[in-house]
Enquirer: 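Before I ask anything, let me first share the structure, which is written out below as structure tokens.
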Amino acid sequence: MQNAMRRIVVTGLGAVTPLAVGVLPTWRRLINGECGIVNITNRDPKFSSLPSQIAGIIPASLRHGDGGWNPKDWLRPGDDRKMALFAQYAMASADEALRDANWRPESEEDLQATGVYIGSGIGSLDDAYNTAVEFEKGGYKKVSPLFVPRLLINLAAGHISMRYGFKGPNHAATTACTTGVHAIGDAARMIAFGDADVMVAGGAESCIHPLAIAGFSRARSLATEWNDRPQEASRPFDNARAGFVIGEGAGVVVLEELEHAKARGASIYAEVRGYGLSSDAHHMTAPREDGQGPCLAMKRALKQAGIKPSKVDYVNAHATSTVLGDAAENRAIKTLLLGEEGYASAMQINASSTKGAVGHLLGAAGAAETIFTVLALKDDILPPTLNLRQAGDPASDFDCNYVPNTAQDCKVQVALSNSFGFGGTNASICLSKYEG
Ligand SMILES: *[C@@H]1O[C@H](CO)[C@@H](O)[C@H](O)[C@H]1NC(C)=O
Ligand SMILES: *[C@@H]1O[C@H](CO)[C@@H](O)[C@H](O)[C@H]1NC(C)=O
Ligand SMILES: *[C@@H]1O[C@H](CO)[C@@H](O)[C@H](O)[C@H]1NC(C)=O
């Protein structure tokens, strides 16, 4: 581990979210308190027969450059046949992040030092479903030769490396809703360990499919009582919260070894200080009530960073708007930040969930939220938790500052971003302002 002291910084950001295509329009709308969740029954008649009929979907483009999704802006001819939608979102986000980082290497050495790590929670359910139906009806000849490459989750990372010629590590995590943070945290470790100097890392998801909604509804995970008021459905920490809203999109960051970034004069958004992983070892889908798993993940991230709990200015919470999950995470945040070397009062703790605005992007959530956390550090602003009228329940447990409905100005020096997933997997990443 002779490279263990290598420091890692964030030098580029890219995102496709239900608020907009692109990091800056997404961030502007997020800070304005806007919401990207809509009624989706017009997309497929099957949605109308399901308990949840809303989702955070990528806005379609009205014209070039308006913040909507137009695959032609990002893809080369034929790419849309080769790439499933989640991989297209990853490609667009990687392209934005690489331009933002101004990293377009051409030398063999630089190409070999650059890797790609993009995960997805579910991958292309559309392809699996449609191909199964076609195969059942028409047999072998109905299966496209592109079926397997569109289906495989690691092909998002594969396509990105092929387009740019990156020959460093090429990897993909698929750890449900923790995927995005695992991808970024693992990629940072690869740089720290010397496997690469630059990593293009994040998560992508696009499974707004009737079968996915049916499955998550059966698991009793989704908000079903808000179909006539989609913008109010995702309400993290609110006492009327009753399940998450599915969303799609991608988030990609460019991570870079500090000296490498300095040597080429890159502008630095933030430093990755710590990364903690843990397991609940408890239940397939339900969290432990005491939030031990998330608490351990955050604690490990801070320990690695060498930062005391009382120095955490902001937590971008995983909080998906479920009754049990938000309560457990709230408990975990308070246990850690009010514990040893922590704050004196919960009112000093700033934690918001941006899922009120975008819904739950599943495998992309942790990546998009890491980007929001980076921008909170950069702009000294806390993004709001939408639809938070009365925190609870019970209100006495929910006594932190959850940044209800309106963004707040706040000096943000250190922040955590949390992601937790089915299977009991929890991760937290610690970021700080970069100080030379
Ligand atoms: C969703 O939109 C459709 C029209 O696009 C409308 O008919 C339907 O009533 C809406 N659903 C709800 C629950 O409001
Ligand atoms: C929490 O946010 C408020 C601004 O809303 C700020 O005054 C306060 O200092 C923040 N707390 C911490 C610990 O940064
Ligand atoms: C930790 O991971 C589990 C996995 O099922 C997840 O359900 C849970 O929400 C996470 N813990 C908490 C308290 O959120």
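Whatever order the structure lists ligands and atoms in, that order sets their numbers, starting from 1. What's counted below: heavy atoms across the whole structure, side chains too, no hydrogens, waters or symmetry copies. This one's a predicted model, so the numbers in the text were calculated from it and none came from an experiment.
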Enquirer: Would you say ligand 2 has an N or O under 3.5 Å from any N or O of Gln408?
Expert: yes
Enquirer: Is it true that the side chains of Gln304 and Tyr275 contain a donor and an acceptor less than 3.5 Å apart?
Expert: no
Enquirer: Any salt bridge between Lys311 and Glu341, counting N to O under 4.0 Å?
Expert: no
Enquirer: Please report whether the ring centroid of Tyr89 lies less than 6.0 Å from that of Trp69.
Expert: yes
Enquirer: Given the rule in the salt bridge (charged side-chain N to carboxylate O under 4.0 Å, His left out) test, do Lys411 and Asp313 qualify, once you have shown the distances and angles that lead to the verdict?
Expert: CA-CA 8 Å; Lys411 196 95 193 131; Asp313 300 304; over 6 Å; no
Enquirer: Should Glu136 and Lys142 be marked as a salt bridge (charged side-chain N to carboxylate O under 4.0 Å, His left out) after you check the CA-CA gap, both sets of side-chain angles, and the distance that decides it?
Expert: CA-CA 9 Å; Glu136 190 61 31; Lys142 287 291 189 185; over 6 Å; no
Enquirer: Name the residue from Leu337, Thr335, Asn426 that meets the side chain to side chain contact (heavy atoms under 4.5 Å, CB included) definition with Cys295.
Expert: Thr335
Enquirer: With atoms numbered from 1 as shown, which atoms in ligand 1 lie under 4.0 angstrom from a non-hydrogen atom of Asn227?
Expert: 12 (C), 13 (C), 14 (O)
Enquirer: Could you tell me if Tyr314 and Asn316 have a donor-acceptor pair between their side chains, going purely by distance under 3.5 Å?
Expert: yes
Enquirer: Less than 3.5 Å between some nitrogen or oxygen of Asn39 and one of ligand 1, yes or no?
Expert: yes
Enquirer: Is it true that Tyr434 and Tyr269 have ring centroids separated by less than 6.0 Å?
Expert: no
Enquirer: Out of all atoms in ligand 2, which are within 4.0 Å of some heavy atom of Asp409? Include the element for each.
Expert: 4 (C)
Enquirer: Atom 2 (O) of ligand 2: which of Ile381, Leu337, Asp380, Asn350 has the nearest heavy atom?
Expert: Asn350
Enquirer: What atoms of ligand 2 come within less than 4.0 Å of a heavy atom belonging to Tyr343?
Expert: 13 (C)
Enquirer: Within the structure, does at least one protein heavy atom fall under 4.0 Å of atom 11 (N) of ligand 1?
Expert: yes
Enquirer: Counting from 1, what ligand 2 atoms have a heavy atom of Gln348 closer than 4.0 Å?
Expert: 11 (N), 12 (C), 13 (C)
Enquirer: What's the shortest distance from atom 4 (C) of ligand 1 to any protein heavy atom, and which residue and atom give it?
Expert: Thr41 OG1, 4.4 Å
Enquirer: Which heavy atom of the protein is the closest neighbour of atom 14 (O) of ligand 1, given with residue, atom name and distance?
Expert: Asp228 CA, 3.6 Å
Enquirer: Considering only the protein, which heavy-atom contact is closest to atom 6 (C) of ligand 2, and what is its distance?
Expert: Cys410 SG, 4.0 Å
